[in-house]
Amino acid sequence: QVQLVESGGGLVQAGGSLRLSCAASGHTFSNYAMGWFRQAPGKEREFVAAISASGRFTTIAASVKGRFTISRDNAKNTVFLQMNSLKPEDTALYYCAAQTRQVPTQNAYQYDFWGQGTQVTVSS
């Protein structure tokens with residue numbers, strides 16, 4: 001089992017920045033590819049970004065490319081999502097997830113462990 005705890009969400013004005021963190025415990029963090037997803041009210045869960053177990057490979061959704069960056073620190077068992085130039089449409093509950101793969105996928109159903117989420121609200 002892997003336990004995931006997100007933090008760093010909050011209320012920010014459009015154009016602002018936030019940095020989300022996801023702390024993992026319970027198993028060898030460097031064995032897992034990690035992903036960030038988000039879900040807005042009334043919408044399906046949406047892929048945002050993912051990073052390979054080693055951290056050498058990343059994939060980013062087109063809707064956030066150029067604004068969001070994913071990274072990880074395997075020594076600290078933590079994955080990050082740096083969000084810049086935030087827009088009101090980025091408002092959602094952001095989830096961290098882990099999968100037992102080296103190279104990540106964008107399919108939420110292929111992730112094995114999930115955090116509880118952290119709320120991001122962007123005002124216009």
Side-chain angles (χ1 to χ4, degrees):
Q1 283 281 7
V2 176
Q3 291 78 45
L4 302 172
V5 179
E6 302 96 336
S7 62
L11 174 64
V12 64
Q13 288 188 332
S17 298
L18 283 173
R19 189 192 197 202
L20 305 185
S21 299
C22 173
S25 62
H27 219 276
T28 305
F29 181 67
S30 58
N31 287 343
Y32 294 86
M34 301 295 296
W36 285 98
F37 292 79
R38 66 186 183 186
Q39 189 166 17
K43 295 188 176 181
E44 292 189 355
R45 193 165 296 191
E46 173 190 23
F47 169 78
V48 176
I51 188 166
S52 64
S54 67
R56 286 193 289 268
F57 173 79
T58 63
T59 179
I60 303 287
S63 59
V64 303
K65 187 167 283 187
R67 301 188 296 121
F68 290 13
T69 303
I70 188 171
S71 61
R72 67 190 293 162
D73 185 339
N74 284 348
K76 296 183 178 180
N77 292 353
T78 304
V79 62
F80 304 97
L81 184 68
Q82 178 66 44
M83 306 187 295
N84 299 327
S85 303
L86 282 161
K87 304 176 181 180
E89 51 263 43
D90 295 319
T91 295
L93 188 60
Y94 282 71
Y95 296 93
C96 168
Q99 60 179 179
T100 51
R101 290 170 173 254
Q102 291 295 310
V103 179
T105 66
Q106 298 186 3
N107 186 340
Y109 292 102
Q110 294 177 326
Y111 282 76
D112 304 294
F113 306 101
W114 291 83
Q116 294 298 306
T118 185
Q119 179 67 39
V120 172
T121 303
V122 185
S123 63
S124 56

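Here the structure is a predicted model, which means the values were calculated and not measured.
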Common cluster, Val122/Leu93, ILVMFWY with side-chain heavy-atom separation under 4.5 Å: no

Expected output: side-chain Asp90 to main-chain Ala14 donor-acceptor under 3.5 Å: no

Side-chain touch Gln13/Ser123, heavy atoms, less than 4.5 angstrom: yes

Residues Phe80, Asp73; criterion side-chain contact (heavy atoms from CB on, under 4.5 Å); working and verdict: CA-CA 8 Å; Phe80 304 97; Asp73 185 339; 4.1 Å; yes

N/O donor-acceptor pair under 3.5 Å between Arg72 side chain and Phe29 backbone: yes

Short side-chain to backbone donor-acceptor contact, Gln110 and Thr105, under 3.5 Å: no

Sole candidate of Tyr109, Tyr94, Tyr111 that passes ring-ring contact (aromatic ring centres under 6.0 Å, His included) when paired with Phe37: Tyr111

Full working for side-chain contact (heavy atoms from CB on, under 4.5 Å) between Phe68 and Leu86: CA-CA 9 Å; Phe68 290 13; Leu86 282 161; 3.8 Å; yes

side-chain contact (heavy atoms from CB on, under 4.5 Å) between Met83 and Trp36, worked out: CA-CA 12 Å; Met83 306 187 295; Trp36 285 98; over 6 Å; no

Trace of the side-chain contact (heavy atoms from CB on, under 4.5 Å) decision for Ser63 with Glu89: CA-CA 10 Å; Ser63 59; Glu89 51 263 43; over 6 Å; no

Hphob cluster co-occupancy, Val48 + Ile51, side-chain heavy atoms under 4.5 angstrom: yes

Donor-acceptor contact below 3.5 Å, side chain Gln82 vs main chain Thr69: no

Side-chain donor or acceptor of Glu6 paired with backbone N/O of Cys96 under 3.5 Å: yes

N/O donor-acceptor pair under 3.5 Å between Arg67 side chain and Ser85 backbone: yes

Transitive ILVMFWY side-chain link Val12 to Leu81, under 4.5 Å: yes

From Ser71, Cys22, Ser21, residue fulfilling side chain to side chain contact (heavy atoms under 4.5 Å, CB included) relative to Thr78: Ser21

